[in-house]
Asker: 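Structure provided below as structure tokens; questions to follow.
In this chain, residues are counted from 1 in sequence order. Worth saying up front: this structure is predicted, and the values here are computed from it rather than measured.
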Amino acid sequence: MSPKQFHLNAFLMGVGHHEAAWRHPRTEERDVLDVAHFQELGRIAERGKLDSVFFADGLAVGPRIERNTLAVFEPVTLLSAIAAVTAKVGLIATASTSYNEPFNLARKFASLDHISGGRAGWNIVTSAGEDEARNFGYTELPEHARRYERAQEFVDVALRLWDSWESSAVVLDPERGVFADPSKVHTVDYDGPRFTVRGPLNSPRTPQGHPLLVQAGSSESGKDFAARYAEAVFTAQRTLAEGQSFYRDLKSRLARYGRAADELKVLPGLVPYIADTEAEAIALEQEFTDLISPDYALGQLSRMLGVDLTEHALDAPLPPLPEITDFEGNKSRFELVKELAENERLTVRQLIGKLGGGRGHRSFAGTPTQIADELQSWFENGAADGFNIMPPYLPGGLEDFVDKVVPILQERGLFRTDYESDTLRGHYGLEQVESRYAETRSEVSA
């Protein structure tokens, strides 16, 4: 019997996760504007048999555009281009429940699932930026609890829309002139506190039934939301003990929603700096840290913590921070950064150095074997079902992981040597989902 294996997702951003990646000689800065660059990343991930690639998204330019590159492309559109040059790797895009409507978003992901042959995934976010809110007619960020209430209703409606076509609804019979069986295409007739949607969706049922549902919030509301809906969770813990605690907590919440522990995969983030020796890997990480623009980093830190730090002394500790109950932004990231600064007694300069690679995700500099050892330790000690790999620079950081770390994991029996499924849900060990209306029909006929 082969040992249990874990999952690997490549979280891709521009020319790398490090905020100074675009300034480093290992990258080509113009790649951020070139779709061919991202298509090549998809091919590299598929070469490594990774479960999926993932693109985050934001709905505003953000502060201090002078110093950092944007996520130029809307991710569902970008992933459609990547789908055209790949055949197996999963394709996960972030989309906000705060600033979309369920019908349009359900249609976008249904289209991506059809175009890719069943490889679409949706990272569900509620959006925590005030600048994003102002782009959609809000004068301030909606309250954290209200955002999650809307997200819950939004996902419920999207699931109903994906279910509105049964798998056998499309007939495609030119002899009889029948495209679809109308008895297997259902209105949704949803009328709730925030949304009123008649349906059905104007896209037939997709190869997966519905996309893989992914979530990344680690607040109390976020964890409850994940336990109810998510099939994969991207999370940020910096120590094995923190990872084990989060893993136990999240898995323990599943039973209240009638779900088994293996129905949700926990994937902590890791920013790997890979070299032939540990000393070379540490030196490589320092090269990126030395390129950080302090004014940009202070702007980013100000957003994370809800305190204006742009004029704060770099070699001083953080000033007093607001209570978590008074903070309406990304609560889990706020707590992570606050605890990091306090536990390690960091100055602001030291803190922005630690955050430069992954904005709070764990960074690790070492040899391919050391990276593999670290992943294996977390997996075998109850802190992860897989990992969200965040290369600090691209494409080289992803190539090094695929070509140097993945073979070690395969030799140890911890990761697949070839794809066993054609769909993203299959990669994550999940079944295709049948329409709830088909289940109702079978109950009636029985």
Side-chain angles (χ1 to χ4, degrees), residues 6-9 11 51-52 54-57 90 92-98 100 102 105 109 120-128 143-159 162 208 210-238 242-270 324 329-336 359-362 378-379 382-388 390 424-425 427-431 433:
F6 57 63
H7 304 278
L8 290 172
N9 172 75
F11 181 0
D51 295 70
S52 47
F54 160 57
F55 290 90
D57 195 31
I92 302 174
T94 289
S96 173
T97 58
S98 296
N100 281 294
L105 203 62
F109 279 100
W122 173 23
N123 178 45
I124 306 161
V125 301
T126 62
S127 298
E143 291 180 3
H144 186 267
R146 302 289 84 75
R147 298 200 306 273
Y148 270 100
E149 289 170 3
R150 177 183 169 95
Q152 179 174 321
E153 187 177 350
F154 192 113
V155 174
D156 284 339
V157 176
L159 289 168
W162 287 318
Q208 294 188 109
H210 67 65
L212 183 80
L213 300 181
V214 183
Q215 193 265 355
S218 298
S219 66
E220 290 303 305
S221 297
K223 286 184 284 190
D224 280 337
F225 185 89
R228 182 168 186 155
Y229 296 106
E231 294 162 312
V233 167
F234 299 153
T235 185
Q237 281 80 44
R238 297 184 64 88
E242 290 171 356
Q244 291 168 323
S245 177
F246 178 86
Y247 188 93
R248 287 193 301 268
D249 182 7
L250 187 54
K251 296 279 186 170
S252 72
R253 300 177 188 233
L254 292 168
R256 73 184 70 166
Y257 299 106
R259 303 181 66 196
D262 62 358
E263 292 181 51
L264 182 151
K265 315 299 183 185
V266 177
L267 282 72
L270 180 74
I324 186 66
N330 186 326
K331 289 182 181 289
S332 57
R333 195 54 50 88
F334 172 92
E335 288 187 293
L336 186 153
R359 297 160 306 284
H361 288 85
R362 185 171 52 116
W378 278 54
F379 176 61
D385 297 306
F387 301 91
N388 197 21
M390 304 165 61
L424 175 57
R425 298 184 64 80
H427 298 342
Y428 280 87
L430 301 168
E431 299 293 329
V433 186

Asker: Could you check Ile124 against Val214 for side-chain contact (heavy atoms from CB on, under 4.5 Å), going step by step and ending with a plain yes or no?
Answerer: CA-CA 6 Å; Ile124 306 161; Val214 183; over 6 Å; no
Asker: For Phe109 and Pro211, which heavy atoms make the closest approach, and how far apart are they?
Answerer: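 In terms of heavy atoms, the two residues are closest at CB-CG, 3.8 Å.
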Asker: Taking atom CG of Leu213 and atom OH of Tyr229, what is their separation to the nearest 0.5 Å?
Answerer: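 Answer rounded to 0.5 Å: 10.0 Å.
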Asker: Which atom pair, heavy atoms only, marks the closest approach of Thr94 to Asp57?
Answerer: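 Minimum heavy-atom contact is CB-N, 3.6 Å.
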Asker: When rounded to the nearest 0.5 angstrom, what distance separates CZ in Arg147 from OG in Ser127?
Answerer: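 If we round to the nearest 0.5 Å, Arg147:CZ and Ser127:OG are 8.0 Å apart.
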Asker: Find out whether Tyr428 and Leu267 are in side-chain contact, i.e. whether some heavy atom of one side chain is under 4.5 Å from a heavy atom of the other.
Answerer: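 Counting from C-beta outward, Tyr428 and Leu267 do come under 4.5 Å.
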Asker: On a heavy-atom basis, which atom in Pro102 and which in Ala158 lie closest, and how many Å separate them?
Answerer: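 Scanning both residues, the minimum pair turns out to be CB-N, 4.4 Å.
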Asker: Would you say Ile92 and Asn9 make side-chain contact, with heavy atoms under 4.5 Å?
Answerer: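 They are in side-chain contact.
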Asker: Which pair of non-hydrogen atoms, one from Leu424 and one from Gly90, has the smallest distance, and what is that distance?
Answerer: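 That closest heavy-atom pairing would be CD1-CA, 3.8 Å.
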Asker: Verify side-chain contact (heavy atoms from CB on, under 4.5 Å) between Val433 and Arg425, making sure each step is shown before the conclusion.
Answerer: CA-CA 9 Å; Val433 186; Arg425 298 184 64 80; 3.4 Å; yes
Asker: Looking only at non-hydrogen atoms, find the nearest pair between Pro268 and Gly386 and report the distance.
Answerer: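 So the two residues come closest at CD-O, 3.1 Å.
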Asker: Using the ring of each side chain (for Trp, its six-membered ring), is Phe154 parallel, tilted or perpendicular to Trp122, with breaks at 30° and 60°?
Answerer: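 Geometry flag for Trp122 against Phe154: tilted rings.
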Asker: Yes or no on side-chain hydrogen bond (donor to acceptor under 3.5 Å, both in side chains) for Asp385 and Tyr247, after CA distance, side-chain angles and deciding distance?
Answerer: CA-CA 9 Å; Asp385 297 306; Tyr247 188 93; 2.6 Å; yes
Asker: Taking the side chain from Gln152 and the backbone from Phe225, do they hold a donor-acceptor pair closer than 3.5 Å?
Answerer: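 Pair absent, no side-chain N/O of Gln152 close to backbone of Phe225.
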Asker: Are the side chain of Arg253 and the backbone of Ala227 linked by a donor-acceptor contact shorter than 3.5 Å?
Answerer: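 No, the answer is negative, given that no donor and acceptor are paired below the 3.5 Å cut-off.
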Asker: Would Asp51 and Lys265 pass as an ion pair if we require N to O under 4.0 Å?
Answerer: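 No, this pair does not count.
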Asker: When you measure from the side chain of Asn100 to the backbone of Ser96, do you find a donor-acceptor pair of N or O atoms at a distance under 3.5 Å?
Answerer: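 Flag set: sc Asn100 to bb Ser96 pair under 3.5 Å.
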Asker: Nearest 0.5 Å, please: how far is CZ in Arg362 from CG in Asn388?
Answerer: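 Taking CG in Asn388 and CZ in Arg362, the distance rounds to 11.5 Å.
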Asker: Show your reasoning for whether side-chain contact (heavy atoms from CB on, under 4.5 Å) applies to Tyr257 and Asp224.
Answerer: CA-CA 10 Å; Tyr257 299 106; Asp224 280 337; 4.3 Å; yes
Asker: Ignoring hydrogens, what is the shortest heavy-atom contact between Leu212 and Ala232? Give both atom names and the distance.
Answerer: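 Scanning both residues completely, I find the closest heavy atoms to be CD2-CB, 4.4 Å.
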Asker: Evaluate the side-chain proximity of Val125 to Asn123: yes if any heavy-atom separation is below 4.5 Å, no if none is.
Answerer: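 In contact.
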Asker: What's the verdict on side-chain contact (heavy atoms from CB on, under 4.5 Å) for Ser221 and His144, showing C-alpha distance, side-chain angles and the deciding distance?
Answerer: CA-CA 9 Å; Ser221 297; His144 186 267; 3.7 Å; yes
Asker: What I'd like to find out is whether the side chain of Phe387 reaches to under 4.5 Å of the side chain of Val266, using heavy atoms alone.
Answerer: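 No, side chains not in contact.
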Asker: Output all residues satisfying ring pair (Phe, Tyr, Trp, His ring centres under 6.0 Å) with Phe54, sequence neighbours left out; order by chain, then residue number.
Answerer: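 Phe54: ring pair (Phe, Tyr, Trp, His ring centres under 6.0 Å) contacts with Phe11, Phe234.
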Asker: Consider only side-chain N and O atoms of Tyr148 and Thr97, and report whether a donor and an acceptor are under 3.5 Å apart.
Answerer: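 Side chains of Tyr148 and Thr97: no pair found under 3.5 Å.
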Asker: Would a distance-only check, ignoring hydrogens and angles, find a side-chain to backbone donor-acceptor pair under 3.5 Å from Glu242 to Arg238?
Answerer: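 Such a contact is found between Glu242 side chain and Arg238 backbone.
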Asker: As an exercise, state the distance from NZ of Lys251 to CG of Asp262, rounded to the nearest 0.5 Å.
Answerer: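 The distance works out to 7.0 Å.
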Asker: I need the Arg150 CZ to Thr126 OG1 distance, nearest 0.5 Å.
Answerer: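 One gets 11.0 Å once the value is rounded to the nearest 0.5 Å.
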Asker: Working to the nearest 0.5 Å, report the span between CD of Glu149 and CD of Glu143.
Answerer: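 So the gap between those two atoms works out to 9.0 Å.
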Asker: When you compare the side chain of Glu231 with that of Leu264, does any pair of heavy atoms fall below 4.5 Å?
Answerer: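 Side chain of Leu264 against side chain of Glu231, heavy atoms only: no contact under 4.5 Å found.
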